[in-house]
K.L.:
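Next up is a structure, given as structure tokens.
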Amino acid sequence: MYLKTLIIILMLMVLLVAGCSAGSPPSATSEPEQPGLPVTHTPVAADQQLRRVTLALSYMPNVQFAPYYVARSNGHYVAAGLDVVFDYNFETDVAQRVARWPQSQIEFATVSGASVLLARQQGLPVQSVMTLYQDFPVVFFSKSNVPLATPRDLRGRSIGIPGRFGESFYALLALFYASGLTEDDVQVQEIGFTQAQMILEDRVEVAIGYAMNEPVLLRQQGVTVNILRAADILPLVANGIVVSEQLIEQDPDLVRRFVHASLRGLQDTLDNPDEAFTISLAEVPEAELGDPELQRQVLLESLPYWHSALTDEHGLGYSDPEAWEQTHRFMLASGLLTHPVPLAESFTNEFISD
Amino acid sequence: MQQMIPLGRQSRQKVYPGVVSPTETLATGFDRPPRRQYRLLSQWVGLPLVLLLLLIGWQMLVMMRDYQSFILPGPAVVVERFIITAQSGLLWHHTSITLQAALGGFVLALGVGVLLGYLLAHLRWMERALAPVLAASQAIPILAVAPLLILWFGTGFSARALIAGTITFFPILISTIVALRGIPHELREMALISGATRWQMLRHIEAPLALPVLFGGIRTGLSLATTGAVVGEFVAGRAGLGALITIARGLFDTPLIFVALAMLSGMTLTFYLLVYLLERLLVRWEW
């Protein structure tokens, strides 16, 4: 019995030690980087005092977060006195977590404008301080044999959406809101996140997705793709940086430093996409295992969305008040918002300027 | 199941499955187990043959339907990606994260499950109070609970281990209760008459006799712990096999998804075999 007890204890210890020592989770401490593994921390000198902050990025590591990766890699965050840690989570969850600062220890998050309005409707005290995507990046796409020049071309077509949630669903509702079409005029099919496959196999005629995702994949497969931008149907506010009102009140300087550093990263990305891609691969080494060229195309397709005539005039990261008004009206009319929310508290351009 | 049984010079007697008189059973005997060589053949040849046929069928499906690799990659593509991912160090990096969360959750569930199971097995009033609540909690899908746990506890190890422990807890709890309740009353009474203390009862009667059934719960629980760890990684986090699947989906890298799934299967199978070996070692009287 004692031998058996000893064997049990030994086996349990072996299992626990194997689990704990085989690879500790990466953390933003001074652990050395391991080649081939994701970059996890800001390279800093031993005597440098930085304030550690967390940027919660919505969903998963991807080259589409290049501006933030570049800002960290090029030392812009360090120059601003910040040690930035990246965290990944569902978008609706990052909004809730940033709203709970300081308890959540999440200072910044990437959230869409629609999600900000929905969060504020629920009483979450969050505010957008910087807009990355100047145009709503969701598109309707089809093979070349299905014309997609105007919304009227969608009449009678089968349209695949991931589900009745998220930005793709908002794009569909925006189509109905702005064009006069109704759901009876089209055949909506909920196909999960299989848009590219469904188009390729002609199971739906049109699908909705991000411009830098499925259409890029289809083009790489040799498919000629027609695109109808949701932004051309109805300008909606897209993704940007969100903070809690409490952080703005208690430490506006921190918010300003972070936003400026991020915008420098964005500028570097726009100026040198190849270097930005290389930096992104260090953050997402999994991208090198499959088709890195596909991911490069994803990044290149994203670049035009990150600047506009408005950013040329007002600076990168500019939040367009008209787009916010438009989004607010659309969401009220579509029933996504049950009551108006104060727009003045939903976004600000205060932090993008010096 | 009974078959057509020749009865010597008597006419063949058709025996319907499940409807056999005791006299016929005694006269004809039961089905004999297969010979040892057939058993070894099925074990060492049958399984690999089935796997080989599955692989061939899979490859033929890909070739006949001309699937692109982002829809359904062939087995050769998956194997190649497995090797590349393993050589890069990323596969073990993600696997170790899942392993930690799974083991952490399992240990948590084992501790709480066995302790609570012991109490519920012995205290009827506690069982009457808690059992309905515990049973109802199983109706709540872990995918609904996981985001809340992440919201409350963050995306670190503790939250993911808690998710893994949540899904693992109930099978261990139930197997503990069933195991302890299954101990014959006569043995307990004899031990009490002999002057056994509570600790002696636990150590010499309850623990050894409960082990066989408890191991069943442990086997199930350890497999579920892997599932729970992956669910936590689906919801949040940057590492782990669940996160790798999510990242691969964002990269349209279906072969990498298959690699992660193969690793998850291997991990669960390894857990299962380890517990099986431990059970064989500790519960010898059952084999």
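The model shown is predicted, which means the values in this text are computed figures rather than measured ones. Letters A, B, ... are given to chains in the order of the sequence lines, protein chains preceding strands, and every chain is numbered from 1.
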K.L.:
Who wins among B:Leu256, B:Asp253, B:Ile247 for the most heavy-atom pairs under 4.5 Å with chain A?
P.N.:
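Of B:Leu256, B:Asp253, B:Ile247, B:Ile247 has the most heavy-atom pairs under 4.5 Å with chain A.
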K.L.:
Tell me which of these, A:Val94, A:Asn62, A:Asp93, has more heavy-atom pairs under 4.5 Å with chain B than the rest.
P.N.:
A:Asp93
K.L.:
Which residue out of B:Ile84, B:Val235, B:Leu148 racks up the most heavy-atom pairs below 4.5 Å with chain A?
P.N.:
B:Val235
K.L.:
For the candidates B:Trp152, B:Tyr67, B:Phe70, which exhibits the highest count of non-hydrogen atom pairs separated by less than 4.5 Å from chain A?
P.N.:
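Going by pairs under 4.5 Å, I would pick B:Phe70.
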K.L.:
Please state whether the side chain, the backbone, both or neither of A:Leu200 comes within less than 4.5 Å of a heavy atom of chain B.
P.N.:
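Side chain only.
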K.L.:
Does any backbone or side-chain atom of B:Phe153 lie under 4.5 Å from a heavy atom of chain A? Answer side chain, backbone, both or neither.
P.N.:
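B:Phe153 has no heavy atom closer than 4.5 Å to chain A.
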K.L.:
Sequence neighbours left out, what passes salt bridge (charged side-chain N to carboxylate O under 4.0 Å, His left out) with B:Glu80? Give chain and number order.
P.N.:
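Expected list: none.
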K.L.:
At a 4.5 Å cut-off on heavy atoms, which part of A:Leu217 comes close to chain B: side chain, backbone, both, or neither?
P.N.:
side chain
K.L.:
Specify whether A:Tyr305 and A:Tyr133 have parallel, tilted or perpendicular ring planes, treating 30° as the upper limit for parallel and 60° as the lower limit for perpendicular.
P.N.:
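Ring orientation of A:Tyr305 relative to A:Tyr133: tilted.
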K.L.:
Which bit of A:Glu288 is near chain B, if near means a heavy-atom gap under 4.5 Å: side chain, backbone, both or neither?
P.N.:
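Answer is neither: A:Glu288 stays 4.5 Å or more from chain B.
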K.L.:
In terms of ring plane angle, is the pair A:Phe65 and A:Tyr69 parallel, tilted or perpendicular, where the classes change at 30° and 60°?
P.N.:
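Perpendicular, since the angle between the ring planes exceeds 60°.
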K.L.:
OH of B:Tyr272: more than 12 outside heavy atoms within 6.0 angstrom?
P.N.:
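No, because the 6.0 Å sphere around OH of B:Tyr272 holds 12 heavy atoms or fewer from other groups.
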K.L.:
What are the two closest non-hydrogen atoms of A:Ile208 and A:Pro162, and how far apart are they?
P.N.:
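Shortest heavy-atom contact: O-CD, 4.0 Å.
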K.L.:
For residues A:Val126 and A:Arg120, report the shortest heavy-atom separation together with the two atoms involved.
P.N.:
O-NH1, 2.8 Å
K.L.:
Relative to chain B, which segment of A:Gln197 carries a heavy atom at a distance below 4.5 Å: side chain, backbone, both, or neither?
P.N.:
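Both backbone and side chain.
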K.L.:
Is any side-chain N of the basic residue among A:Glu283 and B:Arg238 closer than 4.0 Å to the acidic one's carboxylate O?
P.N.:
no
K.L.:
Let me know if A:Gln103 has heavy atoms under 4.5 Å from chain B in its side chain, its backbone, both or neither.
P.N.:
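For A:Gln103, neither part sits under 4.5 Å from chain B.
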K.L.:
For the candidates A:Leu294, A:Asn213, A:Val284, A:Asp291, which exhibits the highest count of non-hydrogen atom pairs separated by less than 4.5 Å from chain B?
P.N.:
A:Asn213
K.L.:
Kindly determine whether A:Asp87 and A:Thr54 satisfy side chain to side chain donor-acceptor pair (under 3.5 Å), including the steps that lead there.
P.N.:
CA-CA 7 Å; A:Asp87 197 1; A:Thr54 301; over 6 Å; no
